[in-house]
Amino acid sequence: MARYAMVIDTTKCVGCMDCVVACKTENNVPEGFNRDWITYETIGKFPTLHMEIRSERCNHCDNPPCVYTCPTGASHISDIGGIVLVDYQKCIGCKACIAACPYDARFVHPDGYVSKCTFCEHRIVQGLDPACVASCPTHCMYFGDLEDPNSEVKKLLNSRKYRVLNPETGTKPQIYYLI
Amino acid sequence: MNEVVITRHNNLIDPTLSIWGWEIPVYLFLGGLVGGMMLISGYFILTGRTKNTLCSCYRIPIIGIFAISLGMFLLFLDLEHKLYVWNLYLNFMWKSPMSWGAWILIIIYPILLLNITLRLPENVGIKLPKLNEISLKIQRNPFITKLIGALSMVFGGLLGAYTAILLSNFSARPAWNSPMLWTLFITSGLSSAAALVHLVGKDPEERHLLAKADNGFLIAEIIIIILMIIGFVSSSQVHIDAARLILSGPFAASFWVFVVFIGIIIPFIIQIFSVNNKIPHTNIAPIMVLFGGLILRFIVVYAGQYSQWPRNVFINF
């Protein structure tokens, strides 16, 4: 069974926000909300400062607390590559999944249900990359199947140093940041 | 310097989580209160206090039904996708405390109704003679009476504990993520219930007993609060930061003034005097206990939402 994941090269990301705009356009994300966003992190003491820019979104965790806490089964792990999705017809808007997510990746859609990144499920079933990956001008984002040893994401993780966000929360996130 | 700037500004999420407003703390308070009341009522039934017609165990379930219904209404008010609420009862998600809670709330109703039938209010008995007959049969059967008491205690305990387990389950919110939280909520629920029954009780001996019991609950509550804080400050950095919220952070003043002093210490001192017959029993102490219990829920719910895992993860410099 496929396990979809995203690999983001932080050494290439320039924070142009094309991924954010592409996501909003592709998924009709309402005004004032974001399914993905840019984080700028600066560390050090002037003049020896270092900056990392990264594109963040739902981590489609292998051990997703949002799914476990959902009282209706609306939040679920999809058969399509193990991605985490929300069934809008089942969601009651209790917001427990939002509280459970350590990445604050979810939000309440103005229509009442909880919304978040879907890895552009409608595109990947057609063999396309998610909109953010397809639109990145620096090609710093990669999407693919970790179960496939020949996939680009698998090769990158085998050859480059990487990390995930807040691994101490035990969620086993599936967005990998190359460093 | 380690500075993090993010471009996201989602409503109710940024800059800090604020998904749950006043409805949830009030609901949690009412849930804990009814859980505590059911524990007290069950205890009174099991210890044979039903022979006393003034026993609070006859009034508790009536108040309990109204309180839990109000709580469930507030829970419904908080939902963002209200028309889909029925989905809650189409599934049982065993890993979800909220799913457990939804079913516990449903089971609570028949138990409270059974408790009411132990002695129907006079006007109800006259209007519904068949129900009155059932009530008389239950009264004559000590096994069923005890069973109602036991069920009341078990499900009262489950209701009181669930309201906190719901929160402590969220490991993403360090201020909630304490194994002590359910003991705090159940003790606070018992304390609030004892205070309310003390307020509405008609039997002076029973009121005296409840004031004594409440003092015990208040001592237990303060010990649990201290243990919780010790647990937090001796844990990881995120938990130390969570403890700071009530030790020196934005919730410190309201926590120590409203919860600890007004909700625990002052009523404890008043009730120490009243149970030792130095002063007559007064309504002010139980009102303060109820107020403290309510504010505790507000502070726990808001502080939990305020606390989060760090966003600064740049560790390779």
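Considering CZ of R106(A) and CD1 of I13(B), their distance stands at 10.5 Å, rounded to 0.5 Å. A distance of 12.0 Å separates OH in Y68(A) from CG in N169(B), rounded to the nearest 0.5 Å. We find the CZ-SG distance between F76(B) and C94(A) to be 13.5 Å, quoted to the nearest 0.5 Å. Here D104(A) contributes atom CG and W309(B) contributes atom CH2; the two are 13.0 Å apart, rounded to the nearest 0.5 Å. In this structure, F33(A) CZ and R8(B) CZ are separated by 12.0 Å, a value rounded to the nearest 0.5 Å. Expressed to the nearest 0.5 Å, how far OG1 of T7(B) lies from CD1 of I53(A) amounts to 11.0 Å.
With a 4.5 angstrom heavy-atom cutoff, Y177(A) does not touch chain B via any of its atoms. Looking at F46(A), neither its backbone nor its side chain comes within 4.5 Å of chain B, counting heavy atoms on both sides. Looking at L17(B), only its side chain comes within 4.5 Å of chain A, counting heavy atoms on both sides. In this structure, chain A has heavy atoms under 4.5 Å from both the backbone and the side chain of E3(B). Contact of Y84(B) with chain A is made through backbone and side chain together, with heavy-atom distances under 4.5 Å. Neither the backbone nor the side chain of W94(B) comes within less than 4.5 Å of any heavy atom in chain A.
Taking 4.5 Å as the limit, some side-chain heavy atom of D78(B) sits within range of a side-chain heavy atom of K95(A). Looking at heavy atoms from C-beta onward, S96(B) lies out of side-chain contact with C70(A) at the 4.5 angstrom threshold. With contacts defined as side-chain heavy-atom distances shorter than 4.5 Å, the pair E168(A)/V238(B) does not qualify. A 4.5 Å side-chain heavy-atom check between K95(B) and V67(A) finds every atom pair outside the cut-off. In this structure, E41(A) and N2(B) have side chains that are in contact, with non-hydrogen atoms separated by less than 4.5 Å. Here the side chains of F107(A) and N11(B) are not in contact, with every heavy-atom distance at 4.5 Å or above.
For N166(A) (side chain) and P310(B) (main-chain N/O), a donor-acceptor pair under 3.5 Å exists by modelled atom type. N87(B) places a side-chain N or O within 3.5 Å of a backbone atom of Q89(A) that can act as its donor or acceptor partner.
Residue A99(A) comes nearest to A172(B) through the heavy atom pair O-CB, 3.6 Å, listed as atom of the first residue, atom of the second, then distance. Residues L88(B) and I92(A) approach most closely at CD1-CD1, 3.5 Å, considering heavy atoms.
Environment of CG in D79(A): sparse, with no more than 12 heavy atoms of neighbouring residues, nucleotides or ligands closer than 6.0 Å. Heavy atoms of other residues, nucleotides or ligands lying less than 6.0 angstrom from CZ of F92(B) number more than 12. Within 6.0 Å of NZ on K82(B) lie more than 12 heavy atoms contributed by other residues, nucleotides or ligands. Around atom CZ of F66(B), no more than 12 heavy atoms belonging to other residues, nucleotides or ligands sit under 6.0 Å away. Heavy atoms of other residues, nucleotides or ligands lying less than 6.0 angstrom from CH2 of W182(B) number 12 at most. Counting non-hydrogen atoms of neighbouring residues, nucleotides and ligands closer than 6.0 angstrom, the OH atom of Y306(B) reaches no more than 12 such neighbours.
Comparing N91(B), I24(B), I19(B) by how many heavy-atom pairs each has under 4.5 Å with chain A, the most go to I19(B). Of the listed residues (T72(A), D36(A), T10(A), T39(A)), the one with the most heavy-atom contacts under 4.5 Å to chain B is T72(A). Heavy-atom pairs under 4.5 Å with chain A were tallied for M98(B), M1(B), Q305(B), H9(B); the largest tally goes to M1(B).
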